[in-house]
Amino acid sequence: MSAPLAKLPKWVDYGLIPLLNLTAALLVSGLVVLLIGENPLEAVYWLVQGSLGYGEGIGFTLYYTTNFIFTGLAVAVAAHAGLFNIGGEGQAYFAGLGVALACLALDHYIPWWMTFPFALLGGALFGAAWATIPAYLQAKRGSHIVITTIMFNFIASAVMAYLLVNILKQPGSMQPESRTFVEGGRLPFVHEVLEWIGIKIEHSPLNLSFVVALVACVMVWALIWRTRLGYAIRTMGTNPNAAVYAGMNVSKLTIVTMMISGALAGMLALNEVMGTQHRLLLDFTAGYGFVGIAVALMGRSHPVGIIMASILFGMLYQGGAELAFEMPKITRDMIISIQGLVILFAGAMEHMFRPALIKIFVRKPIAAGAV
Amino acid sequence: AEIKPAVVYDLGGKNDQSFNQSAYAGADKYAKDTGTAYKDFELQNDTQREQAMRRFAKKGHDPIVVIGFSQAEALKKVAPEFPNTKFAIIDMVVDLPNVRSVVFKEHEGSYLVGLLAAKAAQSDKVGFVGGMDIPLIRAFACGYKQGAKAANPKIEVFENMTGTTGAAWNDPVKGGELAKSQIDRGADVVYHAAGGTGAGVLQAAADAGKLGIGVDSNQNGIHPGKVLTSMVKRVDVAVYNAFKDLADDKWSAGINVLGLAEDGVAWADDSNNKPLISDDMRAAVEQATKDIIAGKIVVHDYRADNTCPY
Amino acid sequence: MEFLETFTLILDSALRLSVPLLLACLAGLYSERSGIFDIGLEGKMLGAAFAAGAVAYITSSAWLGLLAAIAVSVGLALVHGYASIAQRGNQIVSGVAINFVAAGLTALLGQAWFSMGGKTPQLPNEARFRPIELPFAESLRDVPIIGQFYSELLSGHSLLVYAAIAAVPLTWWILYRTRFGLRLRAVGENPGAVDTAGISVIALRYQAVMITGVLCGIAGSYLSIAQSAGFSKDMTAGKGFIALAALIFAKWKPINALGACFLFGFLDAVAIRAQGTVLPVIGEVPVQFMQALPYILTVVLLAGFIGKAIPPKAGGVAYTKER
Amino acid sequence: MDSEHANSTDSPRLPAQAHKAGARNDQSAIQLVGIEKRFGQVYANRNIDLTVKKGSIHGIIGENGAGKSTLMSILYGFYQADAGEIYINGRLEKISDSQKAISIGIGMVHQHFMLVDNFSVLENIVLGVEGGRTLAGGMSRARNELKRLADEYALDIDPDALIEELPVGLQQRVEILKALYRGADVLILDEPTGVLTPAEADHLFRILEQLRDQGKTILLITHKLREIMAITDEVSVMRRGEMVATVQTAESSVEELAELMVGRHVLLSVEKEPATPGKEILKVENLTVTDKRGVTLVDDVSFSVRAGEIVGIAGVSGNGQSELMEAIAGMIRASSGRVLLNDDPIGVTQKADANELRHRGMAHVPEDRHRTGLVTKFPATENMILGYQDLDKYGSGMFLDLGAILEETQTYMDDFDVRPPDPNLKVANFSGGNQQKLVLAREMERDPDILLVGQPTRGVDIGAIEFIHKRLIQLRDAGKAILLVSVELDEIRSLSDRVLVMFAGKVVGERDGSASEGELGLMMAGISKEDDKASQKEGEPS
Ligand SMILES: Nc1ncnc2c1ncn2[C@@H]1O[C@H](COP(=O)(O)OP(=O)(O)OP(=O)(O)O)[C@@H](O)[C@H]1O
Ligand SMILES: Nc1ncnc2c1ncn2[C@@H]1O[C@H](COP(=O)(O)OP(=O)(O)OP(=O)(O)O)[C@@H](O)[C@H]1O
Ligand SMILES: [Mg+2]
Ligand SMILES: [Mg+2]
């Protein structure tokens, strides 16, 4: 790592620095708002109000959060192994096929909770499969995984367009999409579930995959910090020499990790296809796969951090939509820019504030070289 | 009565110089005519469709006009939740008691511009560039061909679609390439039904010194003298009427089919293209209009059987 | 004759389609040859296309548009440079960030300034780089074969097309025949060698990154004020990534880059022309397959099944004196 | 061949200087005064004084990490000293960067060559001194100059050959030519023979002598005493960042230098009973390891280790010991040969599964704890299972049993007196000695049949050394086999029951633990005694 090795207090490392990076990103975004002649504070107000101010808004925020948890976890698991999976978008897109096939095959015959395990499995398998090829090429042929996963995003998009247009499309339909699933292929919305037990809340696309996302967080946490496999993944990601020394099979680990990563990204399809849209449609991934990069960076690849970062991005997405209603000049593209800035400040320039903080928090630098 | 109308545009946005802009023009005209304020919203992604409709409905907007066939799925979900709100959808049929579905006989308008194209072309060759390859756009193409063949049985019509996904609506570079390819093959007039992609088509035609034909809005003025005409789809009228009908307590749900007879489609005739339309052409197109309205000419609708006999 | 004409027209179209790829690919070449990976070509091109469209519209001058495009693109390149060189950040992450920022800001500012759904207004001809007729193009048109070739294929493109083509030998010359090129190639392979020779690694890399910015600026301008008459949202549509693929395909060499970009442009042109054509044996080739072909070819190349693409050795890692 | 000739060169930036014929004068070419350099809290160089006479070959020796490279990098402007002064030809110079060093006539051949592999020789030579914005002129000038240098110093080379296609010896020649082309008057060579065959090394020395005779000053850094004796005029010895002595080569001896370099004056004697070797645990037969470039690193080595004995492998580092260990431990692949563990072969030529070897009773303490043996970002607990993560006692099924791991770590740490005894502390936060104890605890507490241990006490303080040595003896007395690799002669001698000496990839001799330091030192330097016929044949290729 290129970071200066001086040690900072934990709360600075895991709390203050991400906060400062986020603040820097938001400040720059504020400047942009000023540039288009709007009031940044008002924008912040509508952002918060729109995402947390009322029931439907909260529902939407959590619905977006669900997507980001999945893609964030996908990037994080790979990152623990020292791999940069930039292909979450394509993996999730391809996983949509797995989810949709399960739903299309079963929705007429069995209730949703029986379809659900098949859809889950379908999404996971298809997502994993799409990640396996770049992983294999990295492990066995040394192809740079960043480049191959980028290429696979584009290839996934072509494959899915072909399938939707030529095979899955309803005859005579305008849209290249599959037919809409009936009840047996739809995850219940949270407002429906709560209605069954007598609680009425506002409608939103928030559905049971949110619970799946939270379970996935626990599972990823357990995987990384409580299993032998996770231990091997972290060892490989931190010190590959030590992994070889410890007799770990680095090629196999690379492939397995990427498969898990791809399966997690594939869960995005569960939320979108089975949970929200109830059909397979073009570009349903809508860039969520890329947001996962920002989420994992902000959340420092820890499930708890990822949940928090996902909520933050969920707020940005939902609040951003609201903002577009209230301040039409600030379109949702603002959110894309903020995302970019967060990735820039929290990722590429994450150490920008370190030297200054070291001066403040560390009086005499402790040496790294414990010889 | 007082109304509180709202419009949800499709992904192209209200200034697309085409379909959505026409809707915007209708809403704007109503606002100017009556002093009624209205709200509108430009989508950025698919999930927002429902969100926007629901939000407008909750805030008491009525009627809510949604533009484009892509809104149908969302509308099917939202409309039943607000049975007392009136919705209207353009370009698609949604069969619900509180929804008015407005669809156009694009094939009729396309027939007319096809006829004009064939008469304007000196080379016996004309072209068509569609956006996304869907039955709606095929209907444009088929009507156009029928019109062109009616004017000149020997004519060859090149037909290309820009793509198979939503991106096809917004790819002026590819539109331009397709138009160039048709022009290179000898086409003298190129008609587009391709949304934002059409900008590239009209540009390519103008650059090559050939003629383009616009669509949805009157696009004659984009390259004055280089756009033969436009197949105008009166989305503005549909939006205007939706507002007005409710205000006048004359609202009706159900399907509104707007063709030539209803002034729902037309060929654009203004000062920009005046020099391009000869008297002979004018006479022919006016005769054809009459014949279609009278039922003497039946323009085939591709959507009826998913085939085009021409 | 018929075939020859069709073929010439396809080549003509391929040339137009490959120009933005070529410019972006050469741009990436400078950066990556210096050891800075750049997956932000897309973002820089997009930012440039917007700046060109907006400024050309406001000033009615294509040249000012070009200048603005270059300024914006170099600005983004410097951000990438600062993150990768000074901050020693992850170059991939930085590139991703720049793509996002450019995608968001161009659409946002476009809508805020022009209210046309992220587009800039249609440009009048004087605000565009217009096709240039090469001398005698008209009179030679009827000469068999050569006339076709000269008048249809070579003549009648905008200045930027000729600039892009000229950039190939120029880049070759810079890379292999000048001091700067020697040092550039060296710093991407072994920055230690450059440093011990008393040359500043940092300055060299910043220079490279700025050239990348300039070329991406021209690429973006070509899209919005030469090929089209205005900017439209997300206009690059993945061209930056195809350029990246082409760069890998070209094994980071300028002459190969011309070949790779022309190949990818040609695939695109064929896909456009051959739409719906049914080939013998294969049947109808899906357009999606043609679209994905550049990426598929690149993966196959990366996997080492056809040749081997070896990137500059020091690529992707910040230079540290300490071991 | 004298200095006038050297001065008549018109290579760039050659400082005009007068040398007397024979180039032996008392004037100093380089004088370093009080040089200090710290990396974090590690003193790489501490209060270094050094004077190098003009026109001499001056050797600098010292064990790994002694600070030799750092000192040379400071002289070459690659690093800045924290304190101290540098005089070149008697003039105080501030060497702010390499450009400056070059301009005052210092050239350096780095330990890791600073060459661009896919460049031609010529391109590498002109890099940085292109002499104009375009290359054509400079290249043809360099081509001519190269021809002249080739004639003058017998440094033939094809200027258009690609570096990556040249053998290492020629690559090094390019580095030397690079320095000469830049008009170097002082030439620093950092471990130039590490990668050379003996014949190549001899050729290099002839070149260096010739350069000296023409008035150049040469600083030669090496581990190899034989080379020092063969070619230098004076030698300076570094240890742990400090300059411990400078002697006239002619008045010194290999023994003295060996002691200065590796030996500690406090000889740590370990109490131990004579060994009672039992059955053969490890048997190595004709093991050969070749690297990617085809250089043989371990050359046909055979030996065995019995239960209840410690076999030490002595040798100057870089003579194949590391690779021998790694090949036995399954970390790298051997090209031929066989290794038997408890009479069963292990697949060394397929790169044996390190995990499986552990299960079969082989434990391994690697030479470099930071690079290989530890994940310093992990806490002690997680380092305690490195390599043993699959053992049943550390979990059930796929899950780890953190309680069990913590408990065991605690026990091991108590047993090995690791301080602070906090199993959840990140390993980076332990001192070096305690980190080493963690590794040893992990490997020794497993009750292995054989322990491979490399540099067990590198960078560890005296108290800890004593402790570690005691534990190793205990393990032996418990009937285990131990294979020990160390560059510390003392350590080898005080622990081993038998000593094998490695030189140039071969085992050049075997002695018992009581062999004298001088005797072993000579063997390590590749100089065998007359009576050691067998090993002489193996050891001396010529
Ligand atoms: N990188 C580091 N970060 C935090 N603390 C450290 C670091 N390196 C060393 N320390 C702490 O500083 C103390 C001194 O470390 P150092 O390596 O200098 O000890 P030492 O005197 O060399 O010990 P030993 O003789 O065991 O090697 C250690 O107890 C350790 O806890
Ligand atoms: N850039 C650096 N950062 C931190 N520590 C360093 C750095 N360079 C050297 N050191 C440390 O300084 C000490 C001296 O290192 P140096 O490379 O000078 O040793 P050396 O005598 O050349 O060793 P070798 O024989 O292995 O080449 C070592 O402890 C090393 O770990
Ligand atoms: Mg210590
Ligand atoms: Mg060294």
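Chain letters run A, B, ... following the sequence lines, proteins first, then strands; residues in each count from 1.
Interface check for chain C: of the options Met352(A), Lys329(A), Gln138(A), Gln339(A), the most heavy-atom pairs under 4.5 Å are formed by Met352(A). If you tally non-hydrogen atom pairs under 4.5 Å between each of Gly316(C), Ala102(C), Ala112(C) and chain A, the highest count goes to Ala112(C). Counting heavy-atom pairs closer than 4.5 Å to chain C, the top residue among Ala294(A), Ala161(A), Gly347(A) is Ala161(A). With chain A as the partner, the residue from Ser115(C), Ala83(C), Gly43(C) showing the most heavy-atom pairs under 4.5 Å is Ala83(C).
Residue Leu105(C) forms a side chain to side chain contact (heavy atoms under 4.5 Å, CB included) with just one option from Leu341(A), Leu35(A), Val32(A), and that option is Val32(A). Checked options Asn99(C), Val93(C), Ile98(C), Val101(C); the residue passing with Ile343(A) is Val93(C) (criterion: side chain to side chain contact (heavy atoms under 4.5 Å, CB included)).
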Would you please test Ile86(A) and Ile39(C) for side chain to side chain contact (heavy atoms under 4.5 Å, CB included) and show each step? CA-CA 11 Å; Ile86(A) 202 164; Ile39(C) 65 169; 3.8 Å; yes
### Message
Could you go through Asp333(A) and Lys233(C), starting from their C-alpha distance and side-chain angles, then the distance that decides it, and tell me whether this counts as side chain to side chain contact (heavy atoms under 4.5 Å, CB included)?
### Response
CA-CA 10 Å; Asp333(A) 303 300; Lys233(C) 196 172 151 178; 3.7 Å; yes
Before giving the answer on side chain to side chain contact (heavy atoms under 4.5 Å, CB included), spell out for Leu137(A) and Leu302(C) the whole-Å C-alpha distance, their side-chain angles and the decisive distance to 0.1 Å. CA-CA 8 Å; Leu137(A) 293 177; Leu302(C) 275 172; over 6 Å; no
Ile336(A) and Leu108(C): CA distance, side-chain angles, deciding distance, side chain to side chain contact (heavy atoms under 4.5 Å, CB included) verdict: CA-CA 9 Å; Ile336(A) 311 273; Leu108(C) 178 72; over 6 Å; no
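With a threshold of 4.5 angstrom between heavy atoms, Val317(C) does not approach chain A through any atom at all. Phe84(A) touches chain C through its side chain: at least one heavy atom from C-beta onward sits under 4.5 Å away, while N, CA, C and O do not. If you measure heavy-atom distances from Phe290(A) to chain C, the contacts under 4.5 Å come from both the backbone and the side chain. No part of Phe289(C) comes within reach of chain A, as not one of its non-hydrogen atoms sits under 4.5 angstrom from that chain. Of the atoms belonging to Gln111(C), it is side-chain heavy atoms, and not backbone ones, that fall under 4.5 Å from chain A. Looking at Asn153(A), neither its backbone nor its side chain comes within 4.5 Å of chain C, counting heavy atoms on both sides. When heavy atoms are compared at a cutoff of 4.5 Å, Leu297(A) approaches chain C solely by way of its side chain, counted from C-beta outward. Proximity to chain A (any heavy atom under 4.5 Å) is restricted, for Ile248(C), to the side chain, taken from C-beta onward.
Within the model, atoms NE2 of His144(A) and CD1 of Ile92(C) stand 5.5 Å from one another, a figure rounded to the nearest 0.5 Å.
In this structure, Met290(C) places its CE atom where more than 12 heavy-atom neighbours from other residues, nucleotides or ligands lie under 6.0 Å away. Atom CD1 of Ile202(C) has 12 or fewer heavy atoms from other residues, nucleotides or ligands within 6.0 Å.
Listed here is the closest heavy atom pair of Ala97(C) and Leu344(A): CB-N, 3.5 Å. Taking all atoms of both residues into account, the shortest heavy-atom contact from Val291(A) to Phe100(C) is N-CZ, 4.4 Å. A pairwise comparison of heavy atoms in Ser143(A) and Ala303(C) identifies OG-CA, 3.4 Å as the closest pair. Gln87(C) and Met349(A) get closest at one heavy-atom pair: CG-SD, 4.1 Å.
In this pair, Phe241(C) and Phe154(A) present their aromatic rings tilted. The plane angle is within the 30 to 60° band.
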